[in-house]
Amino acid sequence: MKISHEDKVFYPEDGLTKGDVVGYYRDVADAMVPHLRGRPLTLRRFPDGIAKQGWFQKHPGEHFPDSVRVESVPRAGGGTDDYVVCDDAETLEYLANQGTVEFHVWLSTVDAPTCPDRLVLDLDPPDGTPVAELRAAARRIRDEYERVGLTAFVQATGGRGFHVLAPLDAKSDTDVVLELSRALADRVAATGPDRLTTAQRKEKRGDRIFLDANRNGYAQTFVAPYSLRARPGAAAATPLDWRELGKAEPDGWSLAKEKQRPARKDDPWRALDEHAASAETALAKLPSAE
DNA sequence: GGGCAAA
DNA sequence: TTTGCCCAACGCCTA
DNA sequence: TAGGCG
Ligand SMILES: [Mn+2]
Ligand SMILES: [Mn+2]
């Protein structure tokens, strides 16, 4: 596919062009596409670069070609909504060439939109949080997951925090998964030495790390693995081996560095779906759950 | 990035 | 012919 | 019921 406006500057502070962005998505497609496949997408598009106004887009553009998969999923309040779904490298490249910088995905697939196959806890630190504290919190989340039979995977978000994710069997409704994620978050916040809070209201958080379970609600999204972020630095969301976490920074993988990674090293999340577990079983193992 | 209506 | 506008929505909480 | 929050 021909890249249009290849030399247009997309990241002015980093000297990166649209050609660099589309080339990046070409290079990571093998690792990234499995994490997009079948999932409703939210695109964050910046056709004139990240310094100009961009927008979120979930419904397919009228001009998108037929080769771009579109699926209808139930809307919470009744009716349905059309979403773009990216199942292959060609679609990824097309969307990147449309100026998509960030890709966000549902925690469920179009086959079972109301039964998530992912659970995620999101660490949102206030300014000035030492990264060591963030890493320690991620490990404690992992330990809580494992106590209830979930397998934990971690990614640097490319922003300010980490995501700790567990694959699920997609047999429990969003309600159950949300309840489980909240119970896990509350346990981590209540039992550890870390300065963590699950309070939604900013004024109640103080100077603590926000442990966000809200991404597990219906029709919510999280940043897709290997997605670039639309901020100076051109960091990418980057799945990590737990052994790498000790020296990982949330925004430590730039476009240039990242794009060799999946080729050089297996995707740390490659085996995700082999570890799918039951949310109901996990919930039953939680002492605090009724 | 591109379609579309208004100026 | 050029310019401007549109391109998301939602869940779940607390006040 | 409106607004905060992500
Ligand atoms: Mn976050
Ligand atoms: Mn968050």
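In what follows, chains carry the letters A, B, and so on, assigned in the order in which the sequence lines appear, proteins first and then strands, with residues in each chain numbered from 1. Atoms considered below: every heavy atom in the structure, side chains included; atoms not considered: hydrogens, waters and symmetry mates.
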Phosphate OP1/OP2 of B/dG2: any A/Q98 side-chain N/O under 4.0 Å:
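Indeed, a polar side-chain atom of A/Q98 lies that close.
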Below the 4.0 Å mark, does C/dC7 have OP1 or OP2 next to a side-chain nitrogen or oxygen of A/R45?
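For A/R45, the contact criterion (side-chain N or O under 4.0 Å from OP1 or OP2 of C/dC7) is not met.
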Contacts of type side chain to side chain contact (heavy atoms under 4.5 Å, CB included), residue A/H59, not counting sequence neighbours:
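Once residues adjacent in sequence are excluded, the partners of A/H59 under the side chain to side chain contact (heavy atoms under 4.5 Å, CB included) criterion are A/D81.
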Mind checking side chain to side chain contact (heavy atoms under 4.5 Å, CB included) for A/T191 and listing every partner two or more places apart, or none if nothing turns up?
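By the side chain to side chain contact (heavy atoms under 4.5 Å, CB included) rule, A/T191 matches A/R140, A/E144.
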Who pairs with A/T157 by side chain to side chain donor-acceptor pair (under 3.5 Å), at least two apart in sequence or on another chain?
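Expected list: none.
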A/E93 side chain to A/A29 backbone, donor-acceptor under 3.5 Å:
no
Summary of ring-ring contact (aromatic ring centres under 6.0 Å, His included) pairs that have at least one residue in residues 185-210 of chain A, sequence neighbours excluded:
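Of all non-adjacent pairs touching residues 185-210 of chain A, none passes ring-ring contact (aromatic ring centres under 6.0 Å, His included).
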Rounded interatomic separation in angstrom, taking [atom1] from [X] and [atom2] from [N]:
| X | N | atom1 | atom2 | value |
| --- | --- | --- | --- | --- |
| A/D81 | C/dC7 | CG | P | 13 Å |
| A/F56 | C/dC10 | CZ | P | 15 Å |
| A/H104 | C/dA9 | NE2 | C1' | 14 Å |

Can you find a donor-acceptor pair, distance only, under 3.5 Å between A/Q220 side chain and D/dG6 base?
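Such a pair is found, so the answer is yes.
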Please identify each residue that fulfils salt bridge (Lys or Arg N to Asp or Glu O under 4.0 Å) with A/R229, with sequence neighbours left out.
A/E102
Of the candidate nucleotides [options], which contains the atom at the shortest distance from the side chain of [X]?
| X | options | answer |
| --- | --- | --- |
| A/R75 | C/dC10, C/dA9, C/dC12 | C/dC10 |
| A/D212 | D/dG6, C/dC7, C/dA8 | D/dG6 |
| A/H63 | D/dG6, B/dG2, C/dC7 | B/dG2 |

For the C1' atoms, the ones on D/dC5 and on C/dC7, what distance do you get once it is rounded to whole angstrom?
23 Å
Pairs: protein N or O with nucleotides 13-15 of chain C N or O, under 3.5 Å:
unit_1: C/dC13; atom_1: OP1; unit_2: A/R182; atom_2: NH1; d: 3.3
unit_1: C/dA15; atom_1: OP1; unit_2: A/K204; atom_2: NZ; d: 3.4

